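Notes follow once the structure below has been shown.
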Amino acid sequence: MPSWSRFNIASIVLGFAFLYLPIVLLVIFSFNESKLVTVWAGFSTKWYVALFHNQGLLDAAWVTIRVSLISATVATVLGTMAALALVRYTRFRGRLLFSGMVYAPLVMPEVITGLSLLLLFVAIGFDRGFWTLTLAHITFTMCFVAVVVQSRLLSFDRSIEEAALDLGATPLRTFFEVTLPIIAPAVFSGWVLAFTLSLDDLVISSFTTGPGATTLPMKIYSQVRLGVTPEINAVCTILIAFVTIGVVVASVTTKRREVQRQRDEQAAFAGR
Amino acid sequence: MTKLGSAIFRRLVIIVPYAWLLFFFLIPFVIVFRISLSTTAIAQPPYVPVFSLADGLAGTMEKIRQLSFDNFTWLAEDALYYTAYLSSLKIATVSTLLTLLIAYPIAYGMAQAPRTLRPTLLMLVILPFWTSFLIRVYSWIAILKPEGLLNQFLLAIGVIHEPLIILNTNWAIYIGIVYSYLPFMVLPIYSALEKMDHSLIEAAQDLGCPPITAFWKVTFPLSVPGVIAGCMLVFIPAVGEFVIPDLLGGSQTLMIGKTLWTEFNSNRDWPVSAAVATVLLLILVVPIVFFQNIQAKADEQGK
């Protein structure tokens, strides 16, 4: 039986304080009356009000949301296919190169990915803007989706699939009616991960975007370079709230489904 | 029928993502390499030669002769690049070790936690990873500034009498990297420790082994795969990091990611930045291949 010593508890508490304190402070100072982000001068929501009059920021937010929605969706389809290819087909020509191309983007420094994609777009004469941005985001997020879905597929009981195939279902039908419902939570969390990564990206976006397609992180970055203001804290707080709610909702739904599935399974066994 | 269907399905599932990654991930590297051999020019795009199908064989051969390794010679001769690569490697190494030192006790504590509490702790480690990287780096500026929150706190409790200068030094970069990459180190170590069989420790202790020795002789060796995976996940991206040195580091801090960015965005020197990227990639190829082998092994074990 593992023992939970005082040392263990202390390291967890300190570790989590380190992880969360900066974010908490950022949120607190977004409600600061003063223009300074380090001196508390009373509660105010004026920075949030100011945001809604900042047209440049709102436009950037809208571009970011559209890019993230499209790229996360395409990346989820491609990433799920890549995961299936890696887990199900252990032998095909060029598999080593394929798995290399799936894992390498996970650790590849963003400056390299960004620069190389930009040079590709220039070489093929693709005008930079919204679509080059979206293509770039699909490319780097699909690998994260692939890894998430892959880990679910590895612990998957293939006999259910084989049963469907034996009973004459086509592979496509088997995939959509048997496999997909089971791996759905992983596919969904892959989508959420791709969405947030895309929402957040600065370096790859800066390289691959063109006129008229400025994303929120690019906007935040250019303002941060001029100085820290409560207005940026307010944007960040909204983004944090958005992501936190998304993640909590996603994990609660996944958990409910899991519980429901276990109940169904138990009911099925009991009824036998 | 089903057999044909399954062959088509198999083809589709492999070919579509494969083709995508070839085109958007691998081919771009070839282009980067090719441009690193060109010369800067005031043109659109800003380098020569530019290949085109209209050149014909002779024209293409002529242009190939114009390619040269001059940019690489330039990188080798200019101390700026040389120093930037070395200092990136140094900063990445130091911050990887610091991350390991901080992450290990957290991962260990999580693995020792009551089983019911573990999913919540896991969720709490992953959650910051979902919030914006840029925001998390930004939040440290207000903390580390000379008149920032950390100095205010330390002055108030009387530990220091003069504000510490942390922002715009290498220490700020270390803090930024450790903070941003901590979850990447905690998760693999935790998953290695969690799988561990506790009866091994009990056996060691029953045989009279003191707890600390038992840790070093039993627990730690078993967690090594997690430690290595975590170190790779921190070290490789940290070498090419741009946002952290740019926002938290000072003007005297050289890191290669920042050099590449400046070369490209401010100096508009595409061939040199392509050469910088090529060399960076060559430096990182060994750790990347190493990381992939670990990843592939983990997949085998998962089956």
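Sequence lines set the chain letters: A, B, ... in the order given, protein chains first and strands last, and positions in each chain run from 1. Just so it is clear, the structure is predicted and the values come from calculations on it, not from any experiment.
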Side chain to side chain contact (heavy atoms under 4.5 Å, CB included) assessment of A:Phe144 paired with A:Val149: CA-CA 9 Å; A:Phe144 285 88; A:Val149 175; over 6 Å; no
B:Phe215 and B:Tyr108 aromatic centres sub-6.0 Å: yes
Donor-acceptor side-chain pairing of B:Tyr47 and B:Asp269 below 3.5 angstrom: no
Part of B:Ile106 within contact of chain A (heavy atom distance under 4.5 Å): both
Winner by heavy-atom pair count (cut-off under 4.5 Å) against chain B, out of A:Phe18, A:Phe140, A:Phe175: A:Phe18
Gap separating the OG1 atom of B:Thr278 from the CZ atom of B:Phe33, nearest 0.5 angstrom: 7.0 Å
Proximal component of B:Ile256, with respect to chain A [non-hydrogen, under 4.5 Å]: neither
Part of A:Leu26 within contact of chain B (heavy atom distance under 4.5 Å): side chain
A:Arg158 versus chain B, the contacting section by heavy-atom distance below 4.5 Å: neither
Region of A:Phe121 that comes under 4.5 Å of a non-hydrogen atom in chain B: side chain
B:Phe184 and B:Tyr181 aromatic ring geometry - parallel, tilted or perpendicular at 30°/60° bounds: tilted
Proximity breakdown for B:Tyr104 and chain A, heavy-atom pairs closer than 4.5 Å: neither
Which portion of B:Arg136 sits near chain A, non-hydrogen atoms under 4.5 angstrom: side chain
Between A:His137 and A:Ser205: side-chain donor-acceptor atoms closer than 3.5 Å: yes
Part of B:Leu117 lying under 4.5 Å from any heavy atom of chain A: side chain
Note: B:Glu241-B:Lys258 ion pair, threshold 4.0 Å (strictly below): no
Residue part contacting chain B, namely of A:Val77, when any heavy atom lies under 4.5 Å: neither
Proximal component of B:Leu182, with respect to chain A [non-hydrogen, under 4.5 Å]: side chain
Contact class of A:Leu14 relative to chain B, heavy atoms under 4.5 angstrom: neither
Row check, A:Tyr89 ring normal vs B:Arg10 NZ/CZ: under 6.0 Å, within 45°: yes
Under 4.5 Å from a heavy atom of chain B, the part of A:Leu117 involved: both
Whether A:Phe242 and A:Phe195 hold their rings parallel, tilted or perpendicular, with breakpoints at 30° and 60°: tilted
Interface moiety of A:Leu202 toward chain B, non-hydrogen atoms closer than 4.5 Å: side chain
Region of B:Ile201 that comes under 4.5 Å of a non-hydrogen atom in chain A: neither
Greater than 12 external heavy atoms within 6.0 Å of B:Phe153's CZ: no
Most contacts with chain B, counted as non-hydrogen pairs under 4.5 angstrom, among A:Val235, A:Ile138, A:Leu153: A:Ile138
Residue pair A:Ser5 / A:Asn8, side-chain donor-acceptor N/O under 3.5 Å: yes
Distance (rounded to the nearest 0.5 Å) between B:Met110 CE and B:Thr120 OG1: 10.0 Å
Contacting moiety of B:Leu121, where chain A heavy atoms sit under 4.5 Å: both
Between A:Thr215 and A:Thr64, a side-chain donor and acceptor under 3.5 Å: no
A:Phe207, part contacting chain B, at a heavy-atom distance under 4.5 Å: side chain
Chain B contacts, top residue of A:Val203, A:Val102, A:Val13, A:Leu193 (heavy-atom pairs, under 4.5 Å): A:Leu193
Side chain / backbone / both / neither for B:Leu21 at chain A, heavy atoms under 4.5 Å: both
Options B:Ala277, B:Pro183, B:Ala107, B:Pro237, ranked by heavy-atom pairs under 4.5 Å with chain A, top entry: B:Pro237
Under 4.5 Å from a heavy atom of chain A, the part of B:Ile27 involved: side chain
Spacing of OG1 belonging to A:Thr179 relative to CD belonging to A:Glu161, to within rounding of 0.5 Å: 3.5 Å
Contact class of B:Phe235 relative to chain A, heavy atoms under 4.5 angstrom: neither
Structural part of A:Ser11 lying under 4.5 Å from a heavy atom of chain B: both
Expected output: side-chain B:Arg118 to main-chain B:Ala113 donor-acceptor under 3.5 Å: yes
A:Tyr20 side-chain N/O to A:Gly15 backbone N/O, donor-acceptor pair under 3.5 Å: no
Side chain, backbone, both or neither of A:Ala123 within contact of chain B (heavy atoms, under 4.5 Å): side chain
Chi angles and distances behind the side chain to side chain contact (heavy atoms under 4.5 Å, CB included) call for B:Leu248, B:Val243: CA-CA 8 Å; B:Leu248 301 179; B:Val243 180; over 6 Å; no
Among B:Leu233, B:Leu127, B:Ile102, residue most engaged with chain A (heavy-atom pairs, under 4.5 Å): B:Leu127
Interchain contact, A:Ile124 with chain B, by part (heavy-atom threshold 4.5 Å): side chain
Choice from A:Ala104, A:Cys143, A:Gly114 maximising heavy atom contacts with chain B below 4.5 Å: A:Ala104
Heavy-atom donor-acceptor pair, B:Asn151 side chain to B:Lys145 backbone, under 3.5 Å: yes
B:Tyr179, part contacting chain A, at a heavy-atom distance under 4.5 Å: both
Rounded distance (nearest 0.5 Å) linking atom CG of B:Leu260 with atom OG of B:Ser88: 10.5 Å
Side chain / backbone / both / neither for A:Leu239 at chain B, heavy atoms under 4.5 Å: side chain
Atom group of B:Ile35 that falls short of 4.5 Å from chain A, counting heavy atoms: side chain
Side chain / backbone / both / neither for B:Tyr18 at chain A, heavy atoms under 4.5 Å: both
Structural part of A:Val122 lying under 4.5 Å from a heavy atom of chain B: side chain
Top contributor to chain B interface from A:Leu97, A:Leu119, A:Leu84 [non-hydrogen pairs under 4.5 Å]: A:Leu119
Selection from B:Leu284, B:Leu280, B:Val178 maximising heavy-atom pairs under 4.5 Å formed with chain A: B:Leu280
A:Arg225, part contacting chain B, at a heavy-atom distance under 4.5 Å: side chain
